Asks: 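Could you have a look at this structure, given as structure tokens, before my questions?
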Amino acid sequence: HTLDKLICTKVLRNRDMRPPNVESNLYQYHLLQLQKDGFVDKVEGGYTLTGPGLAYADRHSTSLKKTRKQPKVITTVFISNHRGELLLVPKKRQPFMGVMNLPSGKIHLEETIEEAAKREIQEKVSPDAIVTNLKHFGAAHMTIKQNGFVISDYISLLLTCDIQGHNENSGMFVKLSEIYSIDLVPSVKELIEAYENKSVFTENIIETIS
């Protein structure tokens, strides 16, 4: 109740945060715990959310009373060579472990899109990879379902680049004409089609797998 009140205003007085029909001692105990846990701070004029409190507010649903389930944000990089072939790498963990994928991964806090893409290339392709001509060309919202259950939901920021120092053991360049005969992570086919068409891709891809 106290956090919900502070989510909707900058500063509140003590008495304005107290829930109805709750004893003062019990309320003061919980307010003190919120301060000890670093969510709330006492300032001039009352109480306000701290940095962790603001982060809580950013993810919290007041109606659901819990953290919202939200799509993750990743970078997906299209790396082609001088023959026009596209680099695919195997997924090394579930979901879809062992299936071929475009080099991709989650963006970390405080990373730029470009920094995240370069880091993923060095992690997935080669730690010595030199990345040049990195360009952002679109985005896609991907939802992958199995038997009605959402396995994965993410926003993919799409980039292209050139690299030097490709590790042959970490992936393979494949001709676009042959790429669809390979077992691909769900929704990657649609992303490659968008890449072939040089389109800025913003629609929601929903793929159901058996």
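These numbers were taken from a predicted model, which means no experiment stands behind them.
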Asks: Show your working on side chain to side chain contact (heavy atoms under 4.5 Å, CB included) between Lys145 and Phe149 and close with a plain yes or no.
Replies: CA-CA 5 Å; Lys145 297 181 180 181; Phe149 182 82; over 6 Å; no

Asks: Are there over 12 heavy-atom neighbours, none belonging to Gln94, within less than 6.0 Å of that residue's CD?
Replies: yes

Asks: Calculate, to the nearest 0.5 Å, the distance between atoms CD1 and CG belonging to Ile113 and Leu134 respectively.
Replies: 9.5 Å

Asks: Could you see if Ile130 belongs to whatever hydrophobic cluster contains Ile163? Use Ile, Leu, Val, Met, Phe, Trp, Tyr and a side-chain cutoff under 4.5 Å.
Replies: no

Asks: Going by heavy atoms in the side chains, are His1 and Pro20 under 4.5 Å from each other?
Replies: yes

Asks: Side-chain contact test, heavy atoms from C-beta onward, threshold under 4.5 Å: evaluate it for Phe173 versus Leu86 and give yes or no.
Replies: no

Asks: For a side chain to side chain contact (heavy atoms under 4.5 Å, CB included) check, start with the C-alpha distance between Val174 and Glu85, then their side-chain angles and the critical distance, and finish with the verdict.
Replies: CA-CA 5 Å; Val174 182; Glu85 298 168 332; 5.8 Å; no

Asks: List the atom of Ile7, the atom of His60, and the distance in Å for their closest heavy-atom pair.
Replies: CD1-CD2, 4.0 Å

Asks: Any chance you could measure Leu31, atom CG, to Lys36, atom NZ, to the nearest 0.5 Å?
Replies: 11.5 Å

Asks: What are the two closest heavy atoms between Gly171 and Pro90, and how far apart are they?
Replies: CA-CD, 4.4 Å

Asks: If you define the side chain from C-beta out and look only at heavy atoms, does anything of Glu196 sit under 4.5 Å from Leu176?
Replies: yes

Asks: Identify the heavy atoms of His136 and Leu157 that sit nearest to each other, and give their distance.
Replies: NE2-CB, 4.1 Å

Asks: To the nearest 0.5 Å, what is the distance between CD on Gln33 and NE2 on His30?
Replies: 8.0 Å

Asks: Please answer whether the main-chain N or O of His108 pairs with a side-chain N or O of Glu111 as donor and acceptor at a distance below 3.5 Å.
Replies: yes

Asks: Using modelled atom types and a 3.5 Å cut-off, is there a donor and acceptor pairing between side-chain atoms of Thr9 and backbone atoms of Leu12?
Replies: no

Asks: Tell me whether Leu26 shares a hydrophobic cluster with Val40, the cluster being built from Ile, Leu, Val, Met, Phe, Trp, Tyr side chains joined at under 4.5 Å.
Replies: yes

Asks: Starting from the C-alpha separation in whole Å, work towards a yes-or-no answer on side chain to side chain contact (heavy atoms under 4.5 Å, CB included) for Asn14 and Gln28.
Replies: CA-CA 9 Å; Asn14 192 320; Gln28 291 298 334; 3.3 Å; yes

Asks: Can you tell me if Asp37 uses its side chain to pair, donor with acceptor, with the backbone of Phe39 under 3.5 Å?
Replies: no

Asks: Give a yes or no answer on whether the side chain of Arg18 reaches the backbone of Val22 with a donor-acceptor pair at less than 3.5 Å.
Replies: yes

Asks: Does any N or O in the side chain of Glu115 come within less than 3.5 Å of the main-chain N or O of Thr112, such that one atom is a donor and the other an acceptor?
Replies: yes

Asks: For Met142, is there any backbone N or O sitting under 3.5 Å from a side-chain donor or acceptor partner on Ser187?
Replies: no

Asks: Keeping the roles fixed (side chain from Lys91, backbone from Pro95), state whether a donor-acceptor pair exists under 3.5 Å.
Replies: yes

Asks: Under 4.5 Å between any side-chain heavy atoms of Asn101 and Phe96, yes or no?
Replies: no

Asks: Minimum heavy-atom separation for Ile144 and Pro186, please, with both atom names.
Replies: CD1-O, 3.5 Å

Asks: With rounding to the nearest 0.5 angstrom, report the NZ to CG distance, Lys5 to Asp16.
Replies: 8.0 Å

Asks: Among Asp41, Leu3, Leu6, find the residue that satisfies the side chain to side chain contact (heavy atoms under 4.5 Å, CB included) test when tested with Leu34.
Replies: Leu3

Asks: Should Val11 and Val43 count as side-chain neighbours, where that means a heavy-atom distance under 4.5 Å?
Replies: yes

Asks: Is a donor on one side and an acceptor on the other found under 3.5 Å between the side chain of His141 and the backbone of Thr143?
Replies: no

Asks: Measure the spacing between CG of Asn133 and CG of Leu159 and express it to the nearest 0.5 Å.
Replies: 12.5 Å

Asks: If you define the side chain from C-beta out and look only at heavy atoms, does anything of Val77 sit under 4.5 Å from Val125?
Replies: no

Asks: If you round to the nearest 0.5 Å, how far is NZ of Lys72 from OG of Ser156?
Replies: 10.5 Å

Asks: Check Ile121 against Ala129 and note the closest heavy-atom contact, atom names and distance.
Replies: CG2-CB, 4.0 Å

Asks: Could you give me the CA-CA distance, side-chain angles and deciding distance for Met97 and Lys92, then say whether side chain to side chain contact (heavy atoms under 4.5 Å, CB included) is met?
Replies: CA-CA 5 Å; Met97 182 176 178; Lys92 296 183 179 180; 5.9 Å; no

Asks: If you look at every heavy atom in Ala116 and Thr75, which pair is closest and at what distance?
Replies: CB-CG2, 3.9 Å

Asks: Could you pull out all residues at least two apart from Tyr47 that satisfy side-chain hydrogen bond (donor to acceptor under 3.5 Å, both in side chains)?
Replies: none

Asks: In the single-linkage hydrophobic clustering (I, L, V, M, F, W, Y; side-chain heavy atoms under 4.5 Å), do Tyr180 and Met172 co-cluster?
Replies: yes

Asks: Report yes if some heavy atom in the side chain of Leu87 is under 4.5 Å from a heavy atom in the side chain of Asn81; otherwise report no.
Replies: no

Asks: Could you give all pairs that pass the ring pair (Phe, Tyr, Trp, His ring centres under 6.0 Å) test and reach residues 4-23, with sequence neighbours left out?
Replies: none

Asks: Taking side chain as C-beta onward, heavy atoms only, is Leu158 less than 4.5 Å from Tyr195?
Replies: no

Asks: Side-chain heavy atoms nearer than 4.5 Å, only ILVMFWY residues, links allowed to pass through others: does that put Phe78 and Ile182 together?
Replies: yes

Asks: Do any N or O atoms from the side chain of Lys124 and from the backbone of Ser104 form a donor-acceptor pair under 3.5 angstrom?
Replies: yes

